[in-house]
Amino acid sequence: MEKNNKIYIAGHRGMVGGAILRKLKAEGYTDVITRSSAELDLRDQNAVNTFFETEKPEYVFLAAAKVGGIHANNTYRAEFLYDNLMIEANIIHSAYKTGVKKLMFLGSSCIYPKLAPQPLREDYLLTGPLEQTNEPYAIAKITGIKLCEAYRDQYGCNFISVMPTNLYGIGDNYHPENSHVLPALIRRFHEAKMKGDPSVTVWGSGSPKREFLYADDLANACVYLMLNYNEKELVNIGTGEDLTIKELAGIVKEVTGFEGELLFDASKPDGTPRKLMDVSKLSGLGWKYTTALKEGIEKAYQDFLSK
Ligand SMILES: NC(=O)C1=CN([C@@H]2O[C@H](COP(=O)(O)OP(=O)(O)OC[C@H]3O[C@@H](n4cnc5c(N)ncnc54)[C@H](OP(=O)(O)O)[C@@H]3O)[C@@H](O)[C@H]2O)C=CC1
Ligand SMILES: C[C@H]1O[C@H](OP(=O)(O)OP(=O)(O)OC[C@H]2O[C@@H](n3cnc4c(=O)[nH]c(N)nc43)[C@H](O)[C@@H]2O)[C@@H](O)[C@@H](O)C1=O
């Protein structure tokens, strides 16, 4: 990928696509093209075909998707399956047809079996049943991986798949119900502090463990792998370190300055008990994250306050 190549970021208005755009601009890439969903609905096969035939991007970051936390995944099951299947099938097929030199597909750590051994190695894919709350999303993401593999096997396309762990950062979705845990807690603790509430309620038991990566670090990894990785096998992107949701809530409490009590709502789902990424492949390729969790949460809180 040269500085003057034509690069398409699908999903540039999102947290991840936005971070990839910042990284490419900072690195001096001069021909990055983008479309909002209002300009180009990636579920529309004809529109996607026409876009690729007209623009002929040489490199593609596929960071557009229907995304959300445990509640959104579990509630909007049809959209999480349909939208994600359509988006990735349309882009990957058009990329093949128009001779894209390289494409990166972004999956998610939820593609691994719910009770897979920890840490999650790339070869645990399709070795057991999925977590029920996000099965539709996971099935769509697994299909994206298989599309990349199949177009590589049959047509020699250099399409690679990366599996990010749970992400957070600038431009996150702070919706009270549909967001992921970190932006949800930032909002809830902040609002409780402002209102002087005596307590904040965290969903589930607090015992599930999660790993969190700052979105700008993920973007650095994506650009690094776009430049340095050309194999069929997927690559995990994470920190290799996790903590309980209760511990996470303690950090958010400290960063936001909320001084009340923590309560847990056991009627809300816990989801997968643990999903810690095995990042040895990524480390072997020469990449490591830089933003410590507390530092990243401080930056994310400033982002939330700036809205
Ligand atoms: N956030 C996380 O914790 C994780 C995210 N990922 C993956 O990273 C990628 C990006 O996620 P993230 O940035 O958090 O998500 P966001 O929700 O922040 O952004 C998603 C983007 O996708 C675009 N999009 C959605 N539907 C369509 C559509 N029908 N047509 C065109 N564009 C569409 C949206 O465009 P617009 O704004 O123009 O509507 C939006 O900018 C996804 O593939 C996700 O699965 C993986 C692991 C964890
Ligand atoms: C990235 C990933 O994101 C989702 O999976 P998830 O890891 O379960 O993500 P989550 O961030 O929503 O929850 C993590 C944990 O945190 C607990 N939790 C506490 N309080 C809140 C809360 O207020 N909101 C949310 N959302 N969760 C909360 C919650 O009960 C759970 O135990 C899938 O979309 C999946 O498809 C996917 O890819």
Side-chain angles (χ1 to χ4, degrees), residues 9-21 34-44 47-48 51 61-74 76 79-80 82-84 86-88 90-91 104-112 114 130-131 133-138 140-141 144 162-173 175-189 200-213 215 218-219 222 237-238 244-246 248-249 252 262 264-275 277:
I9 305 174
H12 74 291
R13 294 179 70 238
M15 178 175 68
V16 169
I20 294 174
L21 182 59
T34 57
R35 293 289 185 280
S36 68
S37 62
E39 294 165 331
L40 174 63
D41 185 342
L42 294 167
R43 295 168 301 185
D44 180 339
V48 174
F51 169 74
F61 289 90
L62 206 180
K66 177 84 178 165
V67 179
I70 192 166
H71 172 76
N73 269 265
N74 202 18
Y76 309 109
E79 279 88 355
F80 273 79
Y82 177 81
D83 287 16
N84 288 318
M86 295 303 283
I87 291 169
E88 66 206 25
N90 289 340
I91 292 185
M104 172 178 284
F105 170 68
L106 281 90
S108 162
S109 57
C110 71
I111 55 137
Y112 293 112
K114 174 176 180 149
L130 298 163
E131 155 62 24
T133 54
N134 59 34
E135 189 186 74
Y137 177 75
K141 291 293 185 183
V162 299
M163 297 306 121
T165 191
N166 289 41
L167 306 169
Y168 71 100
I170 309 299
D172 210 341
N173 164 18
H175 189 278
E177 280 90 37
N178 293 335
S179 62
H180 291 100
V181 60
L182 237 171
L185 293 185
I186 286 176
R187 179 186 183 132
R188 206 169 301 143
F189 278 105
V200 158
T201 302
V202 177
W203 295 359
S205 63
S207 62
K209 295 187 93 175
R210 293 290 184 274
E211 173 185 350
F212 296 92
L213 180 69
L218 172 81
C222 288
I237 305 181
T244 65
I245 296 301
K246 187 177 179 183
L248 178 77
V252 179
L262 276 188
F264 291 89
D265 177 358
S267 71
K268 293 284 198 302
D270 270 345
T272 311
R274 194 179 185 197
K275 41 178 178 175
M277 291 295 215

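Both counts, for ligands and for their atoms, begin at 1 and track the order of listing. Any value given below was found using the heavy atoms of this structure, including those in side chains, with hydrogens, waters and symmetry copies removed. Just so you know, these numbers come straight off a predicted model, no measurement behind them.
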Undergrad: If you have a sec, work out which protein heavy atom is nearest atom 30 (N) of ligand 1 and how many Å separate them, to one decimal?
TA: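 Answer for atom 30 (N) of ligand 1: Leu42 N, 2.9 Å.
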Undergrad: Hey, is Ile87 one of the residues with a heavy atom under 4.0 angstrom from ligand 1?
TA: yes
Undergrad: Can you pull out the closest protein heavy atom to atom 6 (N) of ligand 1? Residue, atom name and distance to 0.1 Å, please.
TA: Gly107 O, 3.9 Å
Undergrad: Hey, is ligand 2 close enough to Gly204 that some N/O pair sits below 3.5 Å?
TA: no
Undergrad: Any atom of ligand 1 sitting under 4.0 Å from a heavy atom of Glu39?
TA: no
Undergrad: Could you say whether the N/O atoms of Tyr137 and ligand 1 ever approach to under 3.5 Å?
TA: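 Yes; at least one N/O pair falls below 3.5 Å.
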Undergrad: What part of His180, side chain from CB on, backbone N/CA/C/O, both or neither, has a heavy atom under 4.0 Å from ligand 1?
TA: side chain
Undergrad: Does ligand 2 come near enough to Pro208 that some N or O of the ligand is less than 3.5 Å from an N or O of the residue?
TA: no
Undergrad: Decide whether the shortest distance between a heavy atom of Arg188 and an atom of ligand 2 is less than 4.0 Å.
TA: yes
Undergrad: Any protein heavy-atom neighbour for atom 20 (C) of ligand 1 (distance below 4.0 angstrom)?
TA: yes
Undergrad: Within the 3.5 Å criterion, strictly below it, is a donor on Asp270 or Ser205 matched to an acceptor on the partner's side chain?
TA: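 There is such a pair between these side chains.
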Undergrad: Among protein heavy atoms, which sits nearest to atom 33 (C) of ligand 1, and what does the distance come to when rounded to 0.1 Å?
TA: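 Answer, as residue, atom name and distance: Ser37 CB, 3.8 Å.
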Undergrad: Among Met86, Glu88, Met15, which one puts a heavy atom closest to atom 18 (O) of ligand 1?
TA: Met15
Undergrad: Indicate, as side chain, backbone, both or neither, the part of Val67 found under 4.0 angstrom from ligand 1 when only non-hydrogen atoms are considered.
TA: side chain
Undergrad: Need the ligand 1 atom indices (1-based, order shown) with element for anything under 4.0 Å from a heavy-atom of Ala64.
TA: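 Contacts of ligand 1 toward Ala64, numbered from 1: 22 (O), 23 (C).
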Undergrad: Name the closest protein heavy atom to atom 41 (O) of ligand 1, giving the residue it belongs to and the distance to 0.1 Å.
TA: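 Among all protein heavy atoms, the one nearest atom 41 (O) of ligand 1 is Gly14 N, 2.9 Å.
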Undergrad: Between Asp44, Ile237, Ile9, Val16, which one has a non-hydrogen atom sitting closest to atom 13 (O) of ligand 1?
TA: Val16
Undergrad: Determine whether any heavy atom of Arg210 lies closer than 4.0 Å to an atom of ligand 2.
TA: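 Checking ligand 2 against Arg210, which is what was asked, there is a heavy-atom contact under 4.0 Å.
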Undergrad: Is there a heavy atom in Lys275 that sits closer than 4.0 Å to ligand 2?
TA: yes
Undergrad: Going by the order shown, which atoms of ligand 1 are within less than 4.0 Å of some heavy atom of Ser36?
TA: 38 (O)
Undergrad: For atom 12 (O) of ligand 2, find the nearest protein heavy atom and state the residue, atom name and distance (0.1 Å precision).
TA: Ile70 N, 2.7 Å
Undergrad: Identify, for atom 38 (O) of ligand 2, the protein heavy atom at the shortest distance, and state residue, atom and that distance.
TA: Ser108 OG, 2.6 Å
Undergrad: Does ligand 1 have an atom that lies less than 4.0 angstrom from a heavy atom of Leu40?
TA: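 Heavy atoms of Leu40 do come under 4.0 Å of ligand 1.
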Undergrad: Identify, for atom 29 (N) of ligand 1, the protein heavy atom at the shortest distance, and state residue, atom and that distance.
TA: Asp41 OD1, 3.0 Å
Undergrad: Check the surroundings of atom NZ in Lys209: do more than 12 heavy atoms from other residues, nucleotides or ligands lie under 6.0 Å from it?
TA: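 Enclosed.
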Undergrad: Provide, to 0.1 Å, the distance between atom 3 (O) of ligand 1 and the closest protein heavy atom, together with that atom's residue and name.
TA: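 Going by distance alone, atom 3 (O) of ligand 1 is nearest to Leu167 N, 3.0 Å.
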Undergrad: Quickly, which of Val67, Ile70, Leu167, Asn173 forms a side-chain contact (heavy atoms from CB on, under 4.5 Å) with His180? Name it, please.
TA: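 Only one option passes, and that is Val67.
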Undergrad: When you look for heavy atoms under 4.0 Å from ligand 1, do you find them on the side chain of Asp172, its backbone, both, or neither?
TA: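 No part of Asp172 is near ligand 1 at this cut-off.
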Undergrad: Examine distances only and state if a side-chain atom of Asn90 and a backbone atom of Arg43 form a donor-acceptor pair shorter than 3.5 Å.
TA: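 Yes; judged by distance alone, with no hydrogens or angles, the pair exists.
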Undergrad: What part of Asp83, side chain, backbone, both or neither, has a heavy atom within less than 4.0 angstrom of ligand 1?
TA: neither
Undergrad: Counting each atom of ligand 2 from 1 as listed, which ones have a heavy atom of Ala184 under 4.0 Å away?
TA: 22 (C), 23 (O), 24 (N)
Undergrad: Hey, which atoms in ligand 2 end up nearer than 4.0 Å to a heavy atom of Ile245?
TA: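 Atoms satisfying the 4.0 Å criterion: 15 (C), 16 (O), 19 (C).
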